[in-house]
Protein chains: 2
Amino acid sequence: MAGKVEARKAALRQKLVEAAEIRIARDGAGALRARDLAQDAGCAVGAIYNVFDDLTAIIMAVNGRTFQKLGAAVEASVAGAEAEPPSRRLILMSNAYLHFAVENTKLWRAMFDLRMAAGDAVPEWYMTALDDLFANIARPVGELFPDKDPGEAALMVRALFSAVHGIVLLGLEQRISGVPPERIEQMIAQVLEQIGSR
Amino acid sequence: MAGKVEARKAALRQKLVEAAEIRIARDGAGALRARDLAQDAGCAVGAIYNVFDDLTAIIMAVNGRTFQKLGAAVEASVAGAEAEPPSRRLILMSNAYLHFAVENTKLWRAMFDLRMAAGDAVPEWYMTALDDLFANIARPVGELFPDKDPGEAALMVRALFSAVHGIVLLGLEQRISGVPPERIEQMIAQVLEQIGSR
DNA sequence: CTTTGTCTTGAACCGCGTTCAAAATACAGC
DNA sequence: GCTGTATTTTGAACGCGGTTCAAGACAAAG
């Protein structure tokens with residue numbers, strides 16, 4: 001039976017990622033414990049390290065899945081809305097981002113909490129997913145500012161994404177704004193409408 | 001000699017906070033070690049706990065000082081610029097915020113990294129410092145939108161702060177934008193100018 | 001069936017926040 | 001001062017948690 005080991009490894013990988021996803025979603029990435037994970041996956045603690053370099057590698061794997069879902073949610077929010085004005089589409093995407101963050105707070109946080117270990121090579125899937133997300137934002141931005149050169153437009157795309165991210169981040173943080181999601185929607189709309197109607 | 005103990009305690013408090021500030025500024029809050037701190041302050045590990053509840057309390061104390069400095073830097077950036085148009089003043093404050101973050105990255109990060117332990121009472125100094133900061137932002141916002149009611153204006157203030165915070169945060173993060181500070185200034189200006197000139 | 005290389009196991013290692021019993025120190029009453 | 005009591009300071013020890021590693025289990029080849 002050749003390849004049995006490979007299959008075992010792959011199965012363990014998947015079980016570990018699934019267990020980690022459940023635990024992160026419930027308790028946050030900071031509460032993830034190797035021993036709990038091993039128990040969930042029905043393996044020894046040491047086995048984890050045959051399949052992943054360390055715990056952060058598992059969190060990264062979970063983050064990959066989260067990023068996929070986030071991208072899909074944002075993309076879906078403007079599917080079939082091509083006729084809407086560009087600023088409206090920006091607001092739709094931002095609200096999709098907000099709602100994803102509200103409904104998957106712990107998983108969403110895990111994506112940004114993880115301090116990248118000493119700048120060693122951002123994973124390729126990360127850059128791809130990010131580029132996809134930015135491409136969606138770039139379309140309405142291009143319509144709003146047709147005279148901007150590509151470099152400036154790219155900067156604007158990042159600026160808008162970061163701005164919305166900031167509003168969602170601090171809006172969900174108790175100590176800074178601590179306001180209900182409807183208020184956060186208002187904040188996003190206030191800012192983006194100003195930009196759209198200049 | 002009554003009160004000798006108090007004096008000792010106060011001196012230890014200060015030495016610990018100073019040592020912690022130096023270490024956080026250099027290595028980040030995550031690298032703060034109780035044993036290192038005790039050595040820096042010339043006391044036993046246990047002594048730390050006679051003076052602070054735990055390590056996060058020390059980080060909080062450092063954050064308090066950082067917040068003071070940040071507030072002062074932002075306020076100074078618009079001192080004597082009352083004649084400038086409001087959107088220009090918003091940009092001045094944002095750039096001050098950016099430069100503070102660039103020059104004190106680790107200390108600035110520490111303020112936001114600290115997960116507030118289960119929502120138990122945000123410290124009073126925190127709310128005060130935040131309100132002071134928001135008051136500075138509220139002035140130009142009030143001039144830009146004189147017709148907005150107070151509630152909406154307050155929301156706008158928070159939205160703008162959060163947006164700028166987001167741009168600075170992700171701008172300094174390698175994996176998302178990873179652009180030089182001048183570009184971050186451009187991003188802020190792009191967004192705020194759109195808002196100012198509606 | 002034996003050999004050899006690989007996988008799996010979980011006890012052990014180590015770093016680190018925090019605690020606590022013992023030693024040191026401060027203070028009050030004489 | 002001196003002695004007894006209370007408080008503070010000490011640092012070794014505790015507990016937790018990520019990671020390692022020597023020993024046993026297992027798979028593939030001869």
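Note on naming: letters A, B, ... go to the chains in the order of the sequence lines (proteins, then strands), and numbering restarts at 1 for each one.
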Using a heavy-atom distance cut-off of less than 4.0 Å, which residues of residues 16-23 of chain B contact DNA chain C? none
Nearest atoms (heavy-atom pairs only) where [X] meets [Y]:
X      : Y     : value
B/I188 : B/S94 : CG2-CB, 3.5 Å
B/K106 : B/I24 : CB-O, 3.2 Å
B/R33  : B/L55 : C-CD1, 4.5 Å

Hydrophobic clustering (ILVMFWY, side-chain heavy atoms < 4.5 Å, transitive) - are B/I22 and B/L16 grouped together?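 They do not share one cluster, since no chain of ILVMFWY contacts under 4.5 Å joins B/L16 to B/I22.
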[X] has an atom [atom1]; how far is it from atom [atom2] of [N], in whole Å?
X     : N      : atom1 : atom2 : result
A/K15 : C/dT8  : NZ    : P     : 11 Å
B/F52 : D/dT9  : CZ    : P     : 14 Å
A/L55 : D/dT20 : CG    : P     : 11 Å
B/L37 : D/dT9  : CG    : P     : 16 Å
A/K9  : C/dT9  : NZ    : P     : 14 Å
B/L12 : D/dT9  : CG    : P     : 7 Å
B/I48 : D/dT10 : CD1   : P     : 11 Å

Measure from the side chain of [X], starting at C-beta and using heavy atoms only, and say which of [options] lies closest.
X     : options                : result
A/A47 : D/dG11, C/dG17, C/dT9  : C/dT9
B/D54 : C/dT18, D/dG11, D/dT19 : C/dT18
A/Y49 : D/dT10, D/dT19, C/dT19 : D/dT19
B/N50 : D/dT9, D/dG17, C/dT9   : D/dT9

Reference residue A/R89; test salt bridge (charged side-chain N to carboxylate O under 4.0 Å, His left out); the match among A/E75, A/E84, A/E82, A/E143: A/E143
I want to check something: taking the side chain as every heavy atom from C-beta on, are A/V62 and A/V17 in contact at a cut-off of under 4.5 Å? yes
Check whether any side-chain heavy atom of A/I137 lies under 4.5 Å from a side-chain heavy atom of A/L90, and answer yes or no. yes
Any side-chain donor paired with an acceptor under 3.5 Å for B/E18 and B/Q14? yes
Return the 5'-most residue of the pair B/R33, B/D53 with respect to DNA chain C, ranking by each residue's nearest nucleotide.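 It is B/R33, whose closest nucleotide lies nearer the 5' terminus.
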Under 3.5 Å, which N/O atoms of the protein pair with N/O atoms of nucleotides 12-15 of chain D?
{"from": "D/dA13", "atom 1": "N6", "to": "B/R35", "atom 2": "NH2", "distance (Å)": "3.3"}

Are A/K69 and A/E103 close enough for a salt bridge, meaning some N to O gap below 4.0 Å?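 Answer for the salt bridge query: no.
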